[in-house]
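As structure tokens, the structure follows; a few thoughts come after it.
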Protein chains: 2
Amino acid sequence: MRYFVAVAEELHFGRAATRLHMSQPPLSRAVKQLEAEIGALLFARSPTGVTLTPVGTVLLDEARALLDHADRVQVRVSAAAGAATITIGILGDGADPGLSRLAAAYRRSRPSIDIRIRDTDLSDPTCGLRAGLVDVALTRAPFDETGLTVRTLRTDPVGVVLRVDDPLARRDGLRLAELSDRRWFQFPQGTDPVWQSYWNGGRPREGPVVRAVQECLQAVLWNGTMGLAPLGHDLPAELAMVPLIDMPPSRVVAAWNKGDANPLIRSFIETATTAYRH
Amino acid sequence: MRYFVAVAEELHFGRAATRLHMSQPPLSRAVKQLEAEIGALLFARSPTGVTLTPVGTVLLDEARALLDHADRVQVRVSAAAGAATITIGILGDGADPGLSRLAAAYRRSRPSIDIRIRDTDLSDPTCGLRAGLVDVALTRAPFDETGLTVRTLRTDPVGVVLRVDDPLARRDGLRLAELSDRRWFQFPQGTDPVWQSYWNGGRPREGPVVRAVQECLQAVLWNGTMGLAPLGHDLPAELAMVPLIDMPPSRVVAAWNKGDANPLIRSFIETATTAYRH
DNA sequence: GGCGCCGATACCAGGTGGGTATCGTTGCAG
DNA sequence: CTGCAACGATACCCACCTGGTATCGGCGCC
């Protein structure tokens with residue numbers, strides 16, 4: 001029914017699928033199944049566009065009311081069940097401007113929910129998701145996603161952080177190969193290999209071990225090291241950022257354990273998705 | 001939600017499962033999942049019995065209203081979609097007294113539905129279900145059930161039909177082995193093998209080919225043959241029925257294609273189940 | 001007349017929802 | 001007090017369904 005309403009409101013299967021965070025074929029199939037159950041076409045498909053049939057119009061009204069009713073039931077029962085808690089994990093890099101907007105939006109939409117924030121170091125990009133320390137991780141891909149569901153909130157190009165007096169600092173674009181002789185910083189032992197490899201530009205490197213964004217900057221300033229970071233990061237005056245041309249962009253994502261039954265997760269993810277869309 | 005309401009009304013997982021036509025373990029699991037989603041226990045389980053928690057009481061009210069709403073939506077949309085048709089297949093043996101009661105009950109509950117009856121011969125116990133000739137088959141098990149969903153409506157002991165002047169006709173119980181030297185009637189080539197084997201008492205036999213109940217009786221009367229039939233069948237005065245002790249009973253069943261989207265099927269099956277319960 | 005948009009189709013994989021078999025607890029009866 | 005019956009929970013398995021990717025077909029539009 002939610003699928004049907006989405007298509008009826010967009011009058012376009014592709015856009016509706018995007019809105020529902022799924023792909024178009026299963027959506028087409030789902031609508032077709034609903035039509036089979038009802039025994040009547042709900043949409044008139046023409047290559048020029050999709051229109052509601054009379055039956056579809058009736059169902060749209062009914063479906064909206066019913067879904068509304070279902071949402072109200074959920075709210076009332078949740079209220080009866082008492083205050084609930086959701087724990088959000090964020091990477092040490094808590095400076096992301098989307099975050100504060102998100103927290104505010106979620107508190108507004110679900111005032112009774114107790115939000116807990118768990119700030120973790122860079123060695124675990126999942127912020128302790130697998131250990132059950134958090135319900136949702138707001139973090140950066142890539143990392144090992146087995147057992148997790150991941151939704152991308154934003155993508156950022158990645159650059160290299162250098163001292164302003166570095167010969168490369170005045171370039172307006174660099175390739176990974178031009179940095180091969182540099183020291184890179186390392187994450188601690190046991191760090192997610194996908195994550196480690198990404199921030200190392202694809203190969204193991206030599207360099208100091210770091211656990212937090214601050215340590216990374218320190219390493220660049222004092223240790224003759226160099227570091228990768230998403231563009232847009234605030235930097236002290238002594239450091240500069242040069243975009244990397246051949247580095248896949250970094251994605252800000254929300255992740256949660258696949259099949260987690262906590263109903264707050266779904267609503268939080270919805271809020272997060274819209275908050276990051278501005 | 002329907003599961004929850006059933007358990008809440010029965011206050012007993014086993015009985016609720018029976019009412020829902022499923023077994024108890026998946027029901028327990030489903031309720032537990034719902035509890036996990038809500039984040040609160042809905043039932044207080046004690047070995048002496050099951051009681052609703054306060055949250056459960058709230059949900060029971062809400063759920064009833066919501067399910068009610070959903071049913072109303074279905075009715076309204078079905079009405080908007082216009083008159084629908086359901087085709088019922090019955091075996092030539094249309095004399096079953098449950099049938100007329102069932103037809104009347106269904107016409108009463110869904111007056112706008114167009115019911116079509118398709119009377120088929122004994123060679124296809126599924127009445128053309130797989131070929132899509134009917135939506136539901138009211139027939140007798142056993143037969144090959146792959147791809148079909150089957151619900152038992154009643155079970156009948158099986159007896160052997162003999163001429164009254166047959167030496168065995170005065171016995172009040174027989175074993176299959178005592179009939180091994182008789183001619184049995186056969187169904188046409190291509191008949192479902194499970195079905196054929198059942199009515200042959202488990203082995204291939206010699207005898208005339210029949211396609212309808214009338215032909216079976218004719219065969220017994222004139223051909224020195226013998227036939228199996230569920231007890232309770234009306235017989236002409238020249239024929240007698242003797243119960244078979246070691247024959248598994250015959251089940252009157254409703255069958256439909258697994259996953260068939262026609263929404264009338266579900267309601268028809270419900271009606272059928274209650275109509276046969278008397 | 002070809003290209004592009006868009007919904008439909010074909011096919012594949014993993015999660016879910018059913019099933020059966022069995023267990024652990026508890027109340028009750030002998 | 002001990003054996004048993006009742007009942008919900010658990011373990012495990014299989015089939016279906018839902019969501020995914022790749023591709024097709026049909027119609028508008030340069």
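Each chain gets a letter, A, B and so on, in the order the sequences are listed, and its residues count up from 1. Only this structure's heavy atoms are used, side chains among them; waters, hydrogens and symmetry mates stay out. Quick caveat, the model's predicted, so the values are computed rather than measured.
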First encountered from the 5' end of DNA chain D, between B:Gly147 and B:Leu11: B:Leu11
Could you grab the distance from atom CD of B:Gln196 to atom CZ of B:Phe187, nearest 0.5 Å is fine? 6.5 Å
If I take atom CD from residue A:Glu9 and atom CG from residue A:Leu60, how far apart are they, to the nearest 0.5 angstrom? 6.5 Å
A:Arg45 side chain N/O closer than 4.0 Å to the phosphate oxygens (OP1, OP2) of C:dA8? yes
Can you check whether A:Lys32 has a side-chain N or O nearer than 4.0 Å to OP1 or OP2 of C:dG7? no
Contact pattern, 5' to 3', of nucleotides 14-22 of chain C - B, S or - by protein heavy atom under 4.0 Å: -S-BBBBB-
Once each nucleotide of nucleotides 23-29 of chain C is scored for protein heavy atoms under 4.0 Å, what B/S/- sequence comes out, 5' to 3'? ---S---
In this structure, how many angstroms lie between the [atom2] atom of [N] and the [atom1] atom of [X], rounded?
X	N	atom1	atom2	result
A:Glu10	C:dG7	CD	P	11 Å
A:Leu27	C:dG7	CG	P	9 Å
B:Leu41	D:dA9	CG	P	10 Å

Decide side chain to side chain contact (heavy atoms under 4.5 Å, CB included) for A:Phe43 and A:Phe4; before the verdict, give the C-alpha distance in whole Å, the side-chain angles of both, and the deciding distance to 0.1 Å. CA-CA 10 Å; A:Phe43 296 105; A:Phe4 163 74; 3.6 Å; yes
Test side chain to side chain donor-acceptor pair (under 3.5 Å) on A:Thr152 and A:Arg251 and set out the steps. CA-CA 6 Å; A:Thr152 300; A:Arg251 292 148 46 219; 3.2 Å; yes
Could you check whether the rings of A:Phe268 and A:Tyr106 sit parallel, tilted or perpendicular, using 30° and 60° as the cut-offs? perpendicular
Sorted by first residue and then second, give each salt bridge (charged side-chain N to carboxylate O under 4.0 Å, His left out) pair with at least one member in residues 27-42 of chain A; sequence neighbours left out. A:Glu35-A:Arg45
Does this structure show an ion pair linking A:Asp68 with A:Arg64, if we count only N-O contacts that are shorter than 4.0 Å? no
Could you tell me whether a side-chain N or O of A:Asp144 sits under 3.5 Å from a main-chain N or O of A:Thr146, the two making a donor and an acceptor? yes
